[in-house]
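Below you'll find the structure I mean.
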Amino acid sequence: MPFTVAELENAAQAAIDFHFKKGKIVKQTIQDRPLFDKLMGKEKSFPGALENMTVRVKGIYTTDIQGFEHDDDVSYGNPANIKTAVYPWKLVHWGIKVTKHELLKNGISISPGEQSTTAHEGEMIRLANLLDDKVEDMQEGGERGMNNMFWEDGSQDAKEVPGLTSFVLDDPTSAVTVGGIDQVANDWWRNRAALALTATTAADQNVVQTLQREFRQLRRFGGRPDVLLAGSDFMDWFEQELRAKGNYTLDGWANKGSIDASVADIAFKGKPIMYDPTLDDMSKSKYLYALDSRHIYPMAIEGESMQDHKPARPAEKYVMYRAKTWVGGLVCDQRNCHGVYSIA
């Protein structure tokens, strides 16, 4: 017996719920997305705004102490140093469709009526397989797109959210505004950066020593870098510097008949350096980003984060649609606690 339209829609929703809640993925080109995972875990909400999200920031102080004796005149400051960082919010969509034609090509028929029917086992298996592929593609495609968007600077598409590289800049002294604030005139509104670090002699420990100095500066104004994301070439070199001054084992070369020549997962200041494959995809395999996750986070309009949509079939098309939307933006409320580093 053929499926009714309602049964088909219920099957599609069940497949979506299964994939998005249980994460069934067995494909061959799935990459880790540590930035996406960290950011979505920090997502906040806001009630909506006309065009932009705003945060108030301050980096200059007017009030100072003044010594006095007897009836000396004293002065009073009139602080007016608050600035407003402005970030856009955008509407993001991804979805799938199933046509009557492709259902029939897969041996699946749809009843024009609403009376409940019972499809035979073969049809149910074919429908499950067809929906499994489409829904898995919807989940993976949506997460890939969101991850790429969170990394990019917004220049790729004016309708997408400017991501991490729109406010953690390779050149934080350049004549640009970030979040609407002039970073040249406000040196406190800059991220840290040290690019093209010399990486020729591992024993010199140049990268390790640079990071040692930089972390003091990242912590100078209360920063606590806790997310370290690197490309493959940066990690390769970092491991070489560790090997140049370290040992394979504590017990010498002969240890129970075998030697593990690998380097353990690397960390700095107790925080793991995580490989983010997206940096390789962006031709930034030699980069490392040190971030304080308290000060970078997505904000979504209330009720608009990963919202399900079931658009009605238009009268002129024999198509069923399913979609998700995310409406929000990415906010950075302090820049001097983040850094970007690269090797030459």
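Values reported hereafter were calculated over all heavy atoms of this structure, with side chains retained and with hydrogens, waters and symmetry mates removed. All of these numbers come straight from a predicted model, not from anything done at the bench.
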| request: Kindly check if the number of other-residue, nucleotide or ligand heavy atoms within 6.0 Å of NZ (Lys317) is above 12? | output: no
Requested in this report: Could you tell me whether the side chain of Asn147 and the main chain of Arg33 form a donor-acceptor pair under 3.5 Å?
Outcome: no
Between Thr62 (side chain only) and Gly77 (backbone N and O only), is there a donor and an acceptor less than 3.5 Å apart? no
Applied to residues 183-194, the salt bridge (Lys or Arg N to Asp or Glu O under 4.0 Å) test, sequence neighbours excluded, yields Arg192-Glu214
Sequence neighbours excluded, the answer for ring pair (Phe, Tyr, Trp, His ring centres under 6.0 Å) partners of Trp151 is Tyr289
Of His295, Arg56, Arg294, the one forming a side chain to side chain donor-acceptor pair (under 3.5 Å) with Asp333 is His295
Should we say atom CZ of Arg224 is surrounded by more than 12 heavy atoms from elsewhere, each under 6.0 Å from it? no
Criterion side-chain hydrogen bond (donor to acceptor under 3.5 Å, both in side chains) on Trp188 and Gln183, from CA distance to verdict: CA-CA 8 Å; Trp188 51 270; Gln183 65 174 9; over 6 Å; no
Looking at side-chain heavy atoms only, is the closest gap between Leu169 and Asn191 below 4.5 Å?
yes
Contacts satisfying side chain to side chain donor-acceptor pair (under 3.5 Å) that involve residues 228-240 (not counting sequence neighbours) are Ser232-Asp280, Asp233-Ser285, Trp237-Glu241
Check: Quick one: are Val135 and Ile96 in side-chain contact, heavy atoms under 4.5 Å?
Finding: yes
I'd like to know whether NZ of Lys58 has more than 12 heavy-atom contacts from other residues, nucleotides or ligands below 6.0 angstrom. yes
> Ring centroid separation for Phe268 and Phe215, is it under 6.0 angstrom?
Replying inline: yes
